[in-house]
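Chain A is the first sequence line, chain B the second, and so forth, proteins listed ahead of strands; every chain is numbered from 1.
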There are 2 protein chains.
Amino acid sequence: MIKEENKVSYQTLSQYLKVIADSNRLEILDLLSCGELCACDLLEHFEFSQPTLSHHMKTLRDNNLILMRKDGNKNMYRLNTEVINNLTDRLSLLSSDTVPCICEDIRKGTC
Amino acid sequence: MIKEENKVSYQTLSQYLKVIADSNRLEILDLLSCGELCACDLLEHFEFSQPTLSHHMKTLRDNNLILMRKDGNKNMYRLNTEVINNLTDRLSLLSSDTVPCICEDIRKGTC
DNA sequence: TATCTATATAGATGTTAATCTATATATGAA
DNA sequence: TTCATATATAGATTAACATCTATATAGATA
């Protein structure tokens with residue numbers, strides 16, 4: 001049970017999941033887990049175009065999953081580990097039956 | 001780093017993530033974390049139509065995230081905790097820099 | 001058999017989003 | 001200032017998918 005005490009909305013969580021549910025963005029995050037990289041280093045690793053990478057990096061940034069700093073004309077990216085850990089920690093609750101939860105909303109066998 | 005020793009494909013992982021990235025499916029899984037429920041119990045909890053629920057349950061089943069048994073004319077659903085735990089465990093590696101990894105494929109500063 | 005409940009399928013629609021090409025902007029170097 | 005490199009934006013296209021209504025199927029019960 002993820003939604004303890006109504007603090008998390010499924011919408012919010014699904015928004016994060018949509019961001020990492022793209023295999024290319026997932027790979028970008030995974031590569032950044034080894035350390036900071038610039039966009040052009042990442043681009044060489046993939047087959048898609050530069051605007052496509054730019055689009056993915058913007059999506060990741062807009063959702064606060066990565067952090068960026070400027071270094072000359074390069075953009076240096078790194079994971080926002082705090083946000084990512086928070087996300088994966090929440091997901092780990094998905095198969096746990098921790099109480100209190102919203103399960104009381106469900107009345108079994110009423111149909 | 002998720003992809004240790006090339007055993008996991010980003011495609012496979014992203015496929016699972018796409019399934020749980022829908023807020024309604026996420027909520028279905030979360031409700032099932034409290035125990036087995038039939039489709040009609042779930043349906044009463046949501047606003048969408050019965051065919052829509054049927055579609056979501058099929059998606060979850062096809063991807064092996066839930067298990068089903070027949071009880072009369074009802075479908076009883078429960079989490080496939082093994083698969084779900086495997087998924088969340090893998091995701092937890094996303095911000096770790098465990099070696100060996102595929103980071104060697106990336107050559108920093110070649111651009 | 002007839003009917004009710006539970007679930008599935010078919011087909012249509014609207015939206016989101018991943019990708020591309022073309023072009024613009026910004027930074028550093030000559 | 002001029003050019004090269006790095007990145008962003010605009011606009012178009014295509015595919016995926018969440019949802020709906022209508023209808024079919026399957027099981028239980030009378």
Visitor: Report the distance from atom CD1 of B/I2 to atom OG of B/S96, rounding to the nearest 0.5 Å.
Guide: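 Answer for the CD1-OG pair, B/I2 versus B/S96, is 9.0 Å.
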Visitor: Which residue, B/P51 or B/T59, contacts DNA chain D at a nucleotide closer to its 5' end, judged by nearest heavy atom?
Guide: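 The residue whose closest nucleotide sits nearer the 5' end is B/T59.
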Visitor: Does the side chain of A/N63 come under 3.5 Å of the side chain of A/Y16 through a donor N or O and an acceptor N or O?
Guide: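 Not at all, the side chains of A/N63 and A/Y16 share no donor-acceptor pair under 3.5 Å.
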Visitor: What is the minimum heavy-atom distance between B/L65 and B/I84, and which atoms define it?
Guide: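 Scanning both residues completely, I find the closest heavy atoms to be O-CD1, 3.6 Å.
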Visitor: Figure out the CG/P separation between B/L53 and D/dC17, and round it to whole Å.
Guide: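 Checked: the CG to P distance equals 18 Å.
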Visitor: Keeping to residues at least two apart or across chains, list the disulfide bond (SG atoms under 2.5 Å apart) pairs with something in residues 47-87 of chain B.
Guide: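 Sorted result for residues 47-87 of chain B: empty, none.
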Visitor: Just the rounded figure in Å: distance from P of C/dC20 to CG of A/L43.
Guide: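 Spelled out: CG on A/L43 to P on C/dC20 is 10 Å.
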Visitor: Roughly how far, to the nearest 0.5 Å, is the OG1 atom of B/T88 from the CD1 atom of B/I20?
Guide: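 Output value for this atom pair is 8.5 Å.
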Visitor: Tell whether A/Q50 reaches the base of D/dA6 with its side chain through a donor-acceptor pair below 3.5 angstrom.
Guide: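 Between D/dA6 and A/Q50, which were checked side chain against base, a qualifying N/O pair under 3.5 Å is absent.
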Visitor: Tell me which residues in residues 63-81 of chain A put a heavy atom below 4.0 Å from DNA chain C, sorted by number, or none.
Guide: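 Heavy-atom contacts with DNA chain C come from A/G72, A/N73.
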Visitor: Which part of the nucleic acid, if any, lies within contact of B/H56, taking any heavy atom under 4.0 Å across all strands shown: a base, the sugar-phosphate backbone alone, or nothing?
Guide: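 Counting heavy atoms under 4.0 Å across all strands, the contact made by B/H56 is with sugar-phosphate only.
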Visitor: In whole angstroms, how far is the C1' atom of D/dA8 from the CZ atom of A/R61?
Guide: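 So the CZ-C1' distance, A/R61 to D/dA8, works out to 11 Å.
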Visitor: Would a 4.5 Å heavy-atom cut-off, applied to side chains only, mark B/R25 and B/T59 as touching?
Guide: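 They are in contact (side-chain heavy atoms under 4.5 Å apart), so the answer is yes.
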Visitor: Nearest-Å distance, CZ (B/F46) to P (C/dT7)?
Guide: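 In whole Å, C/dT7 P lies 14 Å from B/F46 CZ.
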Visitor: Atom NZ of B/K58 and atom C1' of C/dA10: how far apart are they, to the nearest Å?
Guide: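 The answer, rounded to whole Å, is 13 Å.
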Visitor: As an exercise, state the distance from NE2 of B/H56 to CG of B/L42, rounded to the nearest 0.5 Å.
Guide: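 It is 11.5 Å, given to the nearest 0.5 Å.
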Visitor: Quick check for you: among D/dT19, C/dA6, C/dA18, whose closest atom lies nearest to any side-chain atom of B/N24?
Guide: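 So the side chain of B/N24 is nearest to D/dT19.
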Visitor: How many whole angstroms separate atom CD of A/Q11 from atom P of D/dA18?
Guide: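 Checked: the CD to P distance equals 13 Å.
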Visitor: Would you say a side-chain N or O of B/S49 is under 4.0 Å from OP1 or OP2 of D/dC20?
Guide: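 Yes, within the criterion.
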Visitor: Are any of A/T52's side-chain N or O atoms less than 4.0 Å away from OP1 or OP2 of C/dC20?
Guide: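 Affirmative; the distance criterion is met.
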Visitor: Given atom CG of A/L42 and atom C1' of D/dA6, what is their separation to the nearest angstrom?
Guide: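 Going from CG in A/L42 over to C1' in D/dA6 covers 13 Å.
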Visitor: Atom CZ of B/F48 to atom P of D/dC17: distance rounded to whole Å?
Guide: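 That distance rounds to 17 Å.
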